[in-house]
Every structure is written in structure tokens, then in C-alpha cells.
Amino acid sequence: MSNNTNDVDVVIVGAGFAGMYELYRMRQAGFSTVVLETADDVGGTWYWNRYPGARCDILSVDYSYSWDPELQKEWTWSERYAAQPEILRYADFVADKHDLRRDIRFDTRVVSAEWDDGTKRWTIHTDTGDDVTCRFYIMATGCLSMPKVPDIEGTDLFTGEVYFTSTWPHDGVDFTGKRVAVIGTGSSAVQSIPLIAAEAEQLTVFQRTPNFSIPARNGPISDERMAAFRSDPEAYREAARHSGAGVPRELAQEGALMVSEKERLARYEAMWEAGELLGISGVFNDTLTNAESNETLRQFFHDKIRSIVNDPAVAEALCPTNHYVGTKRACLDTNYYETYNLPHVQLVDLRQDPITTITETGIDTAGEPFEFDAIVFATGFDAMTGAIVGVDITGRDGVTLEDKWAAGPVTYLGLMASGFPNLFMITGPGSPSVLSNMMVSIEQHVDWIADALEHLRTHDLETIEPTELAETEWVAHGNEFASLTLMPTANSWYMGANVPGKPQVFLPYPGGVDRYRAACDEVVDRGYLGFALDGPSGRVVNDGIIRPLAADVQVMLDVMAEMGVPPIESLSVEDARMFMTMSAAVRPPGPDVGEIVDGTLPGADGSDLEYRLYRPATPGPHPIVAYFHGGGWVLGRHDADDPLCRDLCAQSGAIIVSVDYRHAPEARFPAAADDGLAAAQWIAEHAEDLGGVPGQLAVAGWSAGANIAAVTAQQAKLVGTPAIVGQVLLNPVTDCDFTRPSYVDNADGYILTLALMTWFWDHYCDPADRTDPKASPLRADDLSGLPPAMIVTCEFDPLRDEGDAYAAALEAAGVPVHHLQCKGQTHTSLGAVDALVTGAYARTEMAEAIQGFFGASVTSGV
Ligand code: FAD
Ligand code: NAP
């Protein structure tokens, strides 16, 4: 292993914290490795960004390596937020301690790289003319390392001093007696402005978008925090690894609107006092998902800014109004807002007075020419992708990464891209990276990559590369997660919006460090799912999707798993019913409807069945849908599916009458089925009294209720009454066969399990009766002449295949069928109105189907 060899196992580009640790791991594993670095020393971000005030915005105790237990004892940070020189000293200390520099070639910029499919090696070209070949090529080039090219007219004209915060002179700059301009008000500007103001004779800040910033309250690290760390460093680090953002934190359990205004303000005040970046969007659990909640925080910031800044006009200009808190990276500051109270500091609001050009002597805005001795560009970075596509990387078949990413980066796990074998990215786009404490995310990637390389070597494999399916679905998963938040609404660098012409997609993975780590680990545990591994003994393609569930459905299942919700089949019937009632009490209620009326109607045996009628707000009379709730014939009541019934009523414009039926085990088969028919007949007979349109009756139901709806439609056909114009069957039980693939694939893990379905059937129906079409409507001899149907099935539902089979059988019998198969959804997810949003389209289609059954006689209430 030598720095002078030009043919190695591994080339790492970049000697920041990522490249340094990756080098260490590669050495430990015995791979010959060379690191190539543009700078003349280690440190990356902390080598380049030497502007006044530069310091970390994650507490230093957290923003430090965890992989060297000795280092944790040897190094003590002097402050809560260490300044750039101290962080650079830390990088230097690590490099010395592990003798890293001997494998790092400094002053060497990688300009291009190409894959040779014949030799299965990469050739890396550098600006020194020295090429290096390697089997594995690791880009540790940083997320915030490619400064944004100035995009202001006349930038080259200025003859005074020009500085970029991202490449600050090593000897520092003395602004004493100078007229200085700072362009930008992101984190770099917010940190540097107070210090530049302290030196300069005159400071003018050019602000395009104001930012949210809280006081860092820098100083000694609190005893409490240090004690938490020192008492058990490994447990502390482990908690960070399994946290949402890479810092151990208690998660908020409440939304901002769930507490009183007084309580809300008190919690915001505590956050302001605490001075921790991650605390800003962590005060409540819906800050990044609920605009109304976020607005309360935005107002809190505005009030703070107004209370600090003396000039009301300047204060207003500093109040961010065009983006939600946390949707652009918020800042930590020391005396930032106070600086605007100094007489020699001026703020130019570019939204009111845009820059027209930079001139030889200063900056012209539409309203005023300014003269300066120095201009500081704090204008940011071509984040996340800039440094990667800054190298001209050509993969298999001559495809370049830049071309592949023309519409936005496409990666699997933010680690690799298909068509580019053995090319790894540390904290690449599609990984949590910049949304987290980067140290934690860097270490996780380095470890994952090192483990993968060791795996390949152990199994005599030469290449690893993601499949297109795995990659496409990972990108879709990340985008779906982002769409559930407010994040894509801002013109942020997270979205690529700061660089003219850059495709606007959400770049990091927003699902959290913990959830992301679990996905990466699961990929490995499942034999590198989503990867093709190739070697002398052949190619193994383990194609698949690591996170196929809709993002919100996945979160809900994760939360339930954490809560340790007991399997329903483990409870007594009484306890299960109580549990269902308690769960129903805490769900969102669903939309308003015109009127809700409770009543009773006679069941098949003459006993009273309760019903709840949901009437649209539109003028009546309305057609009627007789709705049967889910609950496996055992659980539930007439109001059990309240949010869904409200939603169907409001969206379809039809009356929904949710009817209860006798439940098992007290009343076994065919009681529920018979009650379904009796209820439908009674509703048809009393349509006018109920405010309905006589002759305009459809049936609908969910799960076992959809079974009753389907059976009711069949029985009505057989007995000739009532006339039913349509049926909406959501995740219907149509058959008693447990051997279909959906039962096998989804036997466990998605709330409705094989065990629970078995429990339901056992309570409801003797095995000998189960093939009766009144229990298994799929088994009816003749399905022709049944009313048109809308059948909705979900990918992760044991009942999926029997629902699909019923749709196919009805269609084969000449019944018009609208069959909707919902990707990524489960048996229970579509009914979770206002709680899960990715299934909302299915409810809309169900409502449209109802409208279709009734023709012109309904109009939507929404
Ligand atoms: P970098 O530190 O960016 O290192 C990448 C290296 O690759 C650089 O040295 C660069 O010269 C080299 N390189 C790039 N392209 C090439 C090439 N073609 N050829 C050769 N060499 C190349 N994150 C946090 O979590 N907490 C913070 O408090 C925090 N503060 C920050 C403050 C600033 C001012 C900035 C800009 C970023 C901050 N970050 C912070 C993000 C920070 O970038 C990461 O925390 C971390 O330092 C990144 O380490 P890295 O090794 O991945 O990348
Ligand atoms: P940034 O957040 O992207 O801020 C750049 C600023 O320049 C923005 O205010 C931007 O305005 C402005 N700007 C860009 N182009 C402009 C133009 N043509 N005309 C006028 N204004 C223009 O960049 P940054 O401050 O360097 O920070 C980048 C990231 O690095 C941070 O978000 C953070 O993750 C990290 N960082 C952390 C710290 C820390 O505290 N530890 C410090 C610095 C950086 P718009 O918003 O309108 O685009």
C-alpha cells in the first residue's frame, strides 16, 4: 500500500471528514487505497470555509467522529459550537493520529473518470496528469463543497477586493476602515455579518431572501449534555444513530395546534433560549407538515425579529414571509439581528430594490448605486450534486452521470447509481445527509460501503450495481416523503432552486436518519436487495424494492410497531371491541357533512339494528348508499367507519346510511349477511322518509362490510328486491381460501394478518358453511346481472387477490367493473381519512363511482 501506486483497490476523492474515515476503514480492511484531494490539507468544509464567525451549527459534542473511542476521550471541545479553526485542528489531529496523510495526494483535483467494463476497473484522471486505476471509486466530495458560480451581472467588473465565504483566504482579511458589501443572508452570511460589521467602516447587506435564525448562545457545553455523553459515550452515539436527525432528542408528541396559545408560545420561547438548530422544527411534531402549525412558529420568529431590530422597516424586511420555517436551512447566530441596529450597517432588500449590475466600483441596484472597497459573496453552493457532476464521470456504455441526472439525481439509497458499477457516493443525493448531523450520516455511509466491499471480497465478487427498479422506486419513495412535507414549497438549495437551470427536485432523503439506516441495513440483510452482484462465478441480480409501502403508510406502521400495539387476535372479543372504540376516539374526524342522524331499522330477525345517516350539505333529495362497516363480522358498529362515511358523503353528494348488523360470535353466519339484505330492503322502502330518491340505492362496504355489500347485491338479485344500482367494495372479503399469494406475502406486518383473518372467520362461520356464496360471494354460480361494481384492492392486503379475483369474475360475467389496484397501500390505509394522504385518490374515485351509479342526480358536496 503506497501513495505512489497508480493501480489500487480503492480511490477516494476528497479528504474531508468523509474521505478521512473512509480511508481509515479501507486500510483496516486491507484494501490498497489512494485519496485524491484538491486542497493542500485535510478538513474539507473546514479547510475551505474560513470566513469570520464560521463554526458548526450542530453541537460539537454531536458533530464529531464516533468511530475512534480513544479520540472521544482525547479530544475536548472548548465550546458548544466550535469555531472553524478548532474543527480544522480536530481534522488535523485525527489525520496525524492515524497517519492518514501518507495515502492522500493533495493539490490533486479529479477531473474525469471512466469505467471499463472489460477490466471492471475505473480510471481516474487528475489535473496533475497522473491517472489512477482502481476497482472501487468513492466520491467523498461533500454536499456543500462546490461554490455556486456567481450569477450576478458584472461580477467580473469589480476592481476592489472580492471574497467568497466558501474559499476564504487562509491569512484572514482585515476589513478595518473599509466599505464592505455582503451578498446573501444564508448561514455563512448570518455567521460572518456581525464580525465583519465589527471591523468595517461601513457594511451593506444585500438580502434576497430573509432567513430564520435563533441565537446560538455559544459558551461552555452544558454539564447536563456532557454528563449524558461522558456517562456512556457508546449509548449516546447509538441513540444519535437511531434518531431522526443524528442527534439524540426527545421527539415531540403533539402538534402545534393541539396546545393552548400560551403553552405554544412558552415552548417556542424555550426553543429560542436553548439555541439548538434541530430544536426549531422539533418543538411540535407537525411543524414541517402542517402549514397552519408552521405559521404559528413563523409569527413567533417575526415577533422576535421585531423586538430586536429597532427600525420597523428593517425589521419587516428581515421577517421571512415567502417560506415556512425549516423549509430552507435555518441559521444559528450570534448577534445577527442586533447588528442591524448599528449605525454603519445597512440592509438592502433586493425584493424591493434588485441588483441591476456589479460595477467597477460597487453594486448598482434599481434604486441606488453603491460604492465598496470589498464585496463578500456569501451566495452558497451547488449543493449535493455540484461536486459529483463536477467530475466528468462516464459509466457503462459511455453514459455520463451528468446526462443520467439531467432531470435530477437518480440514486439507490443515495449511495450508488445504476450504470455506474462500483461507484459510491458518501452522503449522496437520496440520503439524509444535509438534513442530519452530517457526522452521523457520513459514518453510516462509510461503514455501509466498507462492509459492502468486504462482502464482495469474501464472496469473490467484482462488481456491485443497483438495479433500475430499485433505484427508480427509491427516488419515488423519497419524493413521496418530501411531498408529505412543506419542504418542496420553498426555493431552497435542498430543491436545487438556488442554481439557475438546475432541475428542481428535493435532493436529500427526508424520511430521517433512523428510518434510512433501517432501510440500508435491511437491504444488506436481504442479500443486497436491489443490487446486481457480479463475479467470476456469475451474476446475481437480487431485484426488488426496499420500501414499497406508501411513505405515510410506512410511518404509521413504524409508529404502531414502536407503540407495541397488541395483535387483535390475541385479545378477547370484548377487549378487541374496546380497543377499536378507543382507537376510533383519537383519529381525525373526517370532513363536515350537512347532517348526521342516528336511528334504528329492523334486522333480518326483527331485532333493532342501529344506523347512522350522513346527509350531504347540498339540497336534497339525494340518492342513498347503504354502507356496511368493516371489522371481520366481529368488531365495529354503525359509526365505526365515521371518517370514511363522511368523506364518501361529502365527495359523492349521496346519503350514506351506515348500518350495523349482528356480530359474531354472538350471531354467527348467516346473521350478518341476512341483516345486510334486510337493511337494504328497509332503506329502499323508506328512501323518501330518509330524504332519498326512491329507486336510487347502491351498496358499499369495507372489508367484511364489503363482503356483506357484495352478498347483499347477490341476494337482492336472487329475491328480486331491492333494486341496487351499484356496489362499491373496498378491500372485500370474497372467499374463504387462505392460500392465494396475497395471503402468503402479506401474512404478517400490515395490521390485517393471516392470524387475524383466521380469528375473524373462526368467530363468524363454521368451516362447512364457508363456501356458501353468502359467505364467499366469489363462489356464486352466476354473477351475471349484478349491479356495476367499483372494486378497490390494496397491494399489501391478504385480501388483495380475492378482491382482484372477484373483479375479474364479475367482468367475465358481463358486469361493468371499475377495478382500482392501489400500490403501496394496506388493508387499513385507505380508510384513514386525513391521517394518511397518499390513498386520498382512491376515496375520490370511489365517490366518483357512486356519482356514476346515480347519473345526474348527485353533485359533490365539496
Ligand atoms: P467536505 O468536507 O466538503 O469535503 C469534500 C472534499 O472533497 C473537499 O476537501 C474538496 O476539496 C474535495 N473535492 C471535491 N471535489 C474534488 C475533486 N474533483 N477532486 C479532488 N478533491 C475534490 N454539517 C453539519 O452536520 N453540521 C454543521 O455544523 C455544519 N456546518 C457547516 C458549515 C459550513 C460553512 C458548511 C459549508 C457546511 C457545514 N456542514 C455542517 C456540512 C459539512 O459540509 C459536513 O458536515 C461535512 O464537513 C462534510 O464532509 P465531507 O467530507 O463529506 O465533505
Ligand atoms: P445559502 O444558504 O445557499 O445562502 C446563500 C445566500 O446567498 C442566500 O441568502 C441567497 O439568497 C443568496 N444569493 C445567492 N445568489 C444570489 C444572487 N444572485 N443575488 C442575491 N442573493 C443571492 O449558502 P450558505 O450560507 O453558504 O450556506 C449553505 C449551507 O451550508 C447552509 O444551509 C448550511 O447547511 C451550511 N452552513 C452551515 C453553517 C453553520 O452554521 N454551521 C454555516 C454556513 C453554511 P436566496 O435564499 O434568495 O437564494
Side-chain angles (χ1 to χ4, degrees), residues 12-22 35-39 41-51 53-60 62-63 81-82 84 87 91 105-113 124 126-127 139-148 150-153 155 164-166 182-192 206-211 213 216 245-247 277 322-323 328-333 350-351 354-355 377-381 383 386-388 390-391 426-427 433-442 445 490-494 497-500:
I12 298 167
V13 187
F17 284 125
M20 291 167 67
Y21 178 39
E22 189 70 71
V35 180
L36 305 173
E37 167 59 60
T38 308
D41 207 345
V42 296
T45 290
W46 306 102
Y47 171 94
W48 295 107
N49 293 266
R50 301 178 187 226
Y51 58 84
R55 54 180 76 243
C56 54
D57 60 5
I58 299 283
L59 290 176
S60 289
D62 297 302
Y63 186 69
Y81 299 106
Q84 173 272 333
I87 304 175
R105 292 185 199 172
F106 294 109
D107 298 311
T108 304
R109 191 167 68 84
V110 171
V111 289
S112 62
I124 315 292
T126 68
D127 66 350
M139 290 290 274
T141 43
C143 295
L144 295 159
S145 55
M146 175 66 84
K148 194 182 97 157
D151 53 357
I152 302 173
E153 205 182 303
T155 300
F164 288 82
T165 50
S166 52
V182 172
I183 303 178
T185 48
S187 305
S188 302
V190 163
Q191 286 186 330
S192 56
F206 291 84
Q207 169 189 273
R208 190 163 64 183
T209 310
N211 246 308
S213 186
V247 173
L277 195 75
N322 76 343
H323 66 283
K328 289 178 92 139
R329 173 87 169 197
C331 309
L332 280 191
D333 72 88
L350 298 180
R351 289 169 304 177
I355 296 177
F377 287 85
T379 44
F381 299 87
I388 300 175
V391 175
I426 300 180
T427 62
S433 54
V434 292
L435 296 179
S436 67
N437 170 3
M438 290 281 287
M439 253 344 167
V440 170
S441 290
I442 284 171
H445 268 191
N491 288 333
S492 64
W493 59 257
Y494 295 140
N498 63 329
V499 176

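One-based numbering, in listed order, for ligands and for the atoms of each.
- An N or O contact shorter than 3.5 Å is missing between Thr165 and ligand 2 by distance.
- Considering each of Leu144, Val440, Ile58, Val434, the one bringing a non-hydrogen atom nearest atom 41 (C) of ligand 1 is Leu144.
- Note: Leu36 CG to Thr141 OG1 = 12.0 Å, rounded to the nearest 0.5 Å.
- From the protein, the heavy atom lying nearest to atom 4 (O) of ligand 1 is Gly44 CA, 3.5 Å.
- Ranking the protein heavy atoms by distance from atom 22 (C) of ligand 1 puts Thr38 OG1, 3.4 Å first.
- Distances below 4.0 Å separate heavy atoms of Thr209 from the following atoms of ligand 2: 45 (P), 46 (O), 47 (O).
- Heavy-atom minimum distance, Met438 versus Cys143: CE-SG, 3.8 Å.
- Between the choices Gly186, Ser213, Ala378, the shortest heavy-atom distance to atom 7 (O) of ligand 2 belongs to Ala378.
- Taking every heavy atom of Cys56 and a limit of under 4.0 angstrom, the matching atoms of ligand 2 come to 41 (N).
- Geometrically, ligand 2 and Tyr51 share no nitrogen or oxygen pair separated by less than 3.5 Å.
- Taking distance alone, with nitrogen or oxygen atoms compared against 3.5 Å, Arg55 approaches ligand 2 more closely than that limit.
- Looking from atom 6 (C) of ligand 1 to the surrounding protein, the closest heavy atom is Glu37 OE1, 3.5 Å.
- Protein heavy atoms come within 4.0 Å of atom 15 (N) of ligand 1.
- For ligand 2, the atoms sitting less than 4.0 Å from at least one non-hydrogen atom of Gly184 are 6 (C), 7 (O), 9 (O), 12 (C), numbered in the order shown with element in parentheses.
- For ligand 2, none of its N or O atoms has an N or O atom of Asn211 under 3.5 Å away.
- Which of Tyr47, Trp46, Phe106 comes nearest to atom 30 (N) of ligand 1 through a heavy atom is settled by distance: it is Trp46.
- Among protein heavy atoms, the minimum distance from atom 18 (N) of ligand 1 is reached at Val110 O, 3.0 Å.
- Looking at ligand 2, you'll find an N or O of Asp151 within less than 3.5 Å of one of its N or O atoms.
- The protein atom (non-hydrogen) at minimum distance from atom 51 (O) of ligand 1 is Ala18 N, 2.9 Å.
- Proximity annotation for atom 45 (O) of ligand 1: of Phe17, Tyr63, Tyr51, Tyr63 comes nearest, heavy atoms only.
- Remark: minimum distance from atom 43 (O) of ligand 1 to any protein heavy atom is reached at Thr45 OG1, 2.7 Å.
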